[in-house]
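Predicted model, so just to flag it, every value in this text is computed and none were measured. Lettering of chains follows the sequences in order, A, B, ..., and the numbering in each one begins at 1.
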Protein chains: 2
Amino acid sequence: MAEPRFRRYAPEVRAGMLVEAGMACLARGGIGAFTVDNICAEAGASRGLIAHHFGGKDGLLVAVHAAAYAPVLEGWEGVGLPGLVDRLFAPAQFTEPGPRVWLALWGEIAVNPVLKAEHERHYTAYRTKVAAVVGDDVLAGAVIALADGLWLEQCLAPDVMSPDRAKAACRMLLRPILGDV
Amino acid sequence: MAEPRFRRYAPEVRAGMLVEAGMACLARGGIGAFTVDNICAEAGASRGLIAHHFGGKDGLLVAVHAAAYAPVLEGWEGVGLPGLVDRLFAPAQFTEPGPRVWLALWGEIAVNPVLKAEHERHYTAYRTKVAAVVGDDVLAGAVIALADGLWLEQCLAPDVMSPDRAKAACRMLLRPILGDV
DNA sequence: CCTCTTGCTGAACGGTTGTATGGTAAGGCT
DNA sequence: AGCCTTACCATACAACCGTTCAGCAAGAGG
């Protein structure tokens, strides 16, 4: 047989493939589509692999959460007040499937203790980065809340809220306090 | 037997009991806990009742969504700019289990077509009410986004964001545009 | 070409899911 | 008190869930 039945990958490569497949399922069908069957079919692997690499489905979910947070935390070097809004709504996190994945994750974070602890850790780091730009911690919380809420509206009613309108709305509220951002 | 094995209720009464039980399950364990078994146990009824009254689990979910929206849409008579923030963060919608239920619902709305259509209908009505107060539709979208984002933070990191801090953050951003609200 | 490590498969398992359905009894009405 | 409507129960069912595990085979090293 010239064609091998399956390929072997380095563990971290295969783990990455499973994480990506998990995000795709999450974006397509929410947490209800985040099943071992779906994910392994999406990744083109057999059902045992998730347990093998992540110990179980919950382990993969934590890894997916971390992967979803990565683009949110990256690329803050050199960002000042001008450029803040562009950074908040950077394509990497504001275009699909990013927001869809977050929508599904939020519903689980509130309910899954492990995920919740992991989230608070990342969120604090995120908030620190934003606070460094706007100069105030409470204001940073408000800015993040505004951005998240605009993500939300875009997901739930895309006809009403586009990325451009979201940026405009964000600037409308922030300009009186922060100037041109 | 003096004690009857079960009680009979008027259909709309029993439907209300099931909706309430569904919201409790949603708040406690997210969409993963929204199962026929859980809900009927919570309501003290047998497993067949949901199909009997709502045609199926999806029917109940739509009813729960409508019930969750009710307190958001009520009580806007006579609300002007002063009082807007108090109305946005009224206890009926900002204290548990309200936000927890919404967190779970948001993840499904994006994915369930029936729920999505229903949501857009209610959301438009909500936005209209807010726009009537703030006088501008785009601004209304931004205000709702801000309020939703603050709900979110309070659910995900309650230690960091309390109802009072949420109100303060909201006023901080709105005062320069709307005055004292 | 052989060997050895190990990434991976795939079937089997017990438990849970939502729905369908035939039978039961609650409680209003006469 | 008896009847009759119908709200309700409780089981059965097939589909699907996540985990386990014994063994296969891919492919690097020799």
Using a heavy-atom cut-off of under 4.0 Å over every strand shown, decide if A/Ala51 touches base, sugar-phosphate, or nothing. base
For B/Tyr69 together with B/His65, are the ring centres under 6.0 Å from each other? yes
Could you check how far CG of A/Leu49 sits from P of D/dA26, rounded to whole Å? 15 Å
What is the separation between atom OH on B/Tyr9 and atom C1' on D/dC8, rounded to the nearest whole Å? 12 Å
Once you round it to whole Å, what is the distance between P of D/dC17 and CG of B/Asp37? 17 Å
A/Leu60 CG to D/dT19 P, in whole Å, measures 10 Å
In whole angstroms, the gap separating C1' of C/dG18 from CZ of B/Phe54 amounts to 16 Å
Any base atoms under 4.0 Å from A/Ala45, or only sugar-phosphate, or nothing? Heavy atoms, all strands. sugar-phosphate
Do the rings of B/Trp102 and B/Trp151 sit parallel, tilted or perpendicular, given the 30° and 60° boundaries? tilted
Separation of atom NZ in B/Lys57 from atom P in C/dT19, rounded to whole Å: 8 Å
Does C/dC8 have OP1 or OP2 under 4.0 Å away from a side-chain N or O of A/Ser46? no
B/Arg47 near the nucleic acid: base, sugar-phosphate alone, or nothing, with a heavy-atom cut-off under 4.0 Å? base
Lys/Arg cation over aromatic A/Tyr123: A/Arg121, 6.0 Å, 45° cone: no
Of the listed nucleotides (D/dC8, D/dC17, C/dC8), which one gets closest to any side-chain atom of A/Phe6? C/dC8
Measuring to OP1 and OP2 of C/dG10, would you say a side-chain N or O of A/Arg5 lies under 4.0 angstrom away? yes
Output yes when at least one side-chain N/O atom of B/Arg14 is less than 4.0 Å from OP1 or OP2 of D/dC8, else no. yes
DNA chain C: B/Gly56 or A/Ala10, which has the more 5' nearest nucleotide? A/Ala10
With a cut-off of under 6.0 Å to the ring centre and 45° to the axis, is A/Arg7 in cation-pi contact with A/Tyr9? yes
Nucleotide C/dC4, atom C1' - distance to CZ of A/Arg8 in whole Å: 10 Å
Considering heavy-atom distances to DNA chain C, does B/Val36 or B/Arg7 have its closest nucleotide positioned more toward the 5' end? B/Val36
A/His52 side-chain N/O to D/dT20 phosphate OP1/OP2 under 4.0 Å: no
Do A/Asp180 and A/Arg171 sit within salt-bridge range, that is, some charged N less than 4.0 Å from a carboxylate O? no
Starting at CD1 of A/Ile31 and ending at C1' of D/dG18, how long is that distance when rounded to a whole Å? 14 Å
